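For reference, the structure is listed below as structure tokens.
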Amino acid sequence: MQVWELGPGRLMVAGVFSDLAVHHHPAVQVTVGGRGCLTVTRDGDVHDVCRLVVVGSGARHAVRSDSESAGLTLYFGLQTPQGIALNALARHRGQYRGIWIVDGGAELAEATATSLAANGPQAAADFLVDELCGMEGRCSGGPRAVHPQLRQAIEVVSTRVPDHVDVASVAGAVALSPDYLGRLCKQQTGISFSATIRWERLVTAVGHLIDGRSVTDAAHLAGFADGSHANKVCWEMTGAAPHEFAQAVRETQI
């Protein structure tokens, strides 16, 4: 597995994900099978086979790939323009509650893999997002655009992690009541604002794993209470255990 941090709220992962449990997370996910098919499992254990899928924030899913797929996954937070645009697309075009299986996605999947090899992860991510948005003729600002104060609240969380963060303090920073922020987040992302905080800690922990830290140290540096809490959040939001990510990262760095 290879992992690239593309900037705040943006992450790219290349590798095999063959045994993920169904899960959900606040980020918008785009996965391509650069050379072969993906298996998308939706809530209720329903399976689809495709080459390109966009998963909206909060949608329960598992996208599995094998060594022949050349799987590539991008995660975009809803504080990013890409996340806002793709979330709107997933909810507008999605066939299954925020999961958009892109018809005829093989050509775009292969072109994205080619761009990654030739131009690097940032160029490949930009190319893929531009092509997906071009299918709809717009990139943001639609009827399902993220509320600006929710976007600001997510940005506040990303700047405060790994320190203590709670819903009340973030709500105060964006001039909302905690209850309203919670309702707004649930309405627009499908998950709680507390889950958004957990996701930001998890992304921070992944960054420390990339830097060579142990799972225990990465969890501590990301602000988790302990390794058990980090393990629970990782299962909840990725469908896998932290040690599996750590092992995969180490293998690519040998």
Side-chain angles (χ1 to χ4, degrees), residues 3-13 17 20-31 43 54-63 73-84 86-87 90-91 98-99 146-147 149-171 173-174 178 181-210 215 218-242 244-246:
V3 184
W4 298 274
E5 293 181 284
L6 304 180
R10 303 170 180 86
L11 194 69
M12 177 184 282
V13 181
F17 297 94
L20 296 179
V22 173
H23 57 281
H24 66 170
H25 45 67
V28 181
Q29 174 178 332
V30 184
T31 300
D43 205 6
V54 182
V55 181
S57 175
R60 291 184 57 78
H61 67 285
V63 181
T73 297
L74 295 98
Y75 298 96
F76 297 101
L78 291 183
Q79 73 271 41
T80 68
Q82 297 93 335
I84 294 169
L86 293 169
N87 197 52
R91 295 184 180 280
I99 298 177
V146 176
H147 191 286
Q149 283 165 290
L150 175 58
R151 186 169 68 249
Q152 291 167 11
I154 298 171
E155 290 172 350
V156 168
V157 173
S158 65
T159 61
R160 293 185 179 180
V161 167
D163 295 335
H164 174 74
V165 185
D166 57 54
V167 177
S169 64
V170 176
V174 298
L181 176 59
R183 290 196 303 272
L184 188 63
C185 187
K186 185 71 173 178
Q187 178 187 52
Q188 297 210 331
T189 72
I191 61 170
S192 69
F193 196 76
S194 295
T196 300
I197 297 172
R198 295 196 296 274
W199 173 257
E200 291 295 334
R201 291 201 188 283
L202 182 60
V203 171
T204 300
V206 169
H208 289 302
L209 289 176
I210 295 170
V215 171
H220 175 73
L221 290 168
F224 285 107
D226 50 41
S228 176
H229 184 210
N231 187 69
K232 181 179 178 181
V233 171
C234 195
W235 269 107
E236 172 195 7
M237 296 191 170
T238 71
E244 295 175 309
F245 282 95

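On a predicted model such as this, the values are computed, not experimentally measured, just so you know.
Atom CD1 of I154 and atom CD of Q149 lie 12.5 Å apart (nearest 0.5 Å). Rounding to the nearest 0.5 Å places CZ of R198 at 13.0 Å from SG of C234. Summarising the geometry, atom CG belonging to L11 is positioned 10.0 Å from atom CH2 belonging to W4; distances are rounded to the nearest 0.5 Å. Between T204 atom OG1 and F224 atom CZ the span is 8.0 Å, to the nearest 0.5 Å. Rounded to the nearest 0.5 Å, atoms SG (C185) and CD1 (I191) are 5.5 Å apart. Between the CD atom of Q79 and the CZ atom of R151 there is a distance of 10.0 Å, given to the nearest 0.5 Å.
Considering only heavy atoms from C-beta on, L221 stays 4.5 Å or farther from P162 through its side chain. Taking the side chain as every heavy atom from C-beta outward, F193 and T189 never approach each other to under 4.5 Å. Between Q188 and N87, the closest side-chain pair of non-hydrogen atoms is not below 4.5 Å. Looking only at side-chain heavy atoms (C-beta outward), L74 and R10 stay at 4.5 Å or farther from each other. Side chains of V28 and L78 form a contact here, defined as non-hydrogen atoms less than 4.5 Å apart.
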Go through it in stages, so that I can follow the logic: the residues are L202 and T238, the test is side-chain contact (heavy atoms from CB on, under 4.5 Å), and I'd like the CA-CA distance, side-chain angles, deciding distance and then a yes or no. CA-CA 10 Å; L202 182 60; T238 71; 3.8 Å; yes
With side-chain contact (heavy atoms from CB on, under 4.5 Å) as the test, would you mind laying out the steps for H24 and R60 before giving the verdict? CA-CA 5 Å; H24 66 170; R60 291 184 57 78; 4.0 Å; yes
Where do T73 and V30 land on the side-chain contact (heavy atoms from CB on, under 4.5 Å) test, with the steps shown first? CA-CA 6 Å; T73 297; V30 184; over 6 Å; no
Hey, mind stepping through L20 and V63 against side-chain contact (heavy atoms from CB on, under 4.5 Å) and telling me if it holds? CA-CA 7 Å; L20 296 179; V63 181; 5.8 Å; no
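Summarising the geometry of A241 relative to N231, their closest heavy-atom pair is CB-OD1, 4.0 Å, with the distance given to 0.1 Å. The shortest heavy-atom contact between V54 and L86 is CG1-O, 4.0 Å. The two residues R91 and G190 come nearest to each other via the heavy atoms NH2-N, 4.3 Å. Closest non-hydrogen pair, K186 versus S192, comes out as CD-N, 4.3 Å. The two residues A230 and P242 have their closest heavy-atom pair at O-CG, 4.2 Å. Here the closest non-hydrogen pair linking A90 and G98 is CB-O, 3.5 Å.
A donor-acceptor distance shorter than 3.5 angstrom exists from the side chain of H61 to the backbone of A59, with no hydrogens or angles considered. Side chain of R201 to main chain of A222: a donor-acceptor pair is present (N/O by atom type, distance under 3.5 Å, no hydrogens or angles).
Defined by atom type and a distance below 3.5 Å, a donor-acceptor pair is present between the side-chain atoms of D166 and H164. A donor-acceptor contact closer than 3.5 angstrom is absent between the side chains of E236 and H25.
Sparse packing is recorded around NE2 of H220, with 12 or fewer heavy atoms of other residues, nucleotides or ligands lying under 6.0 Å away.
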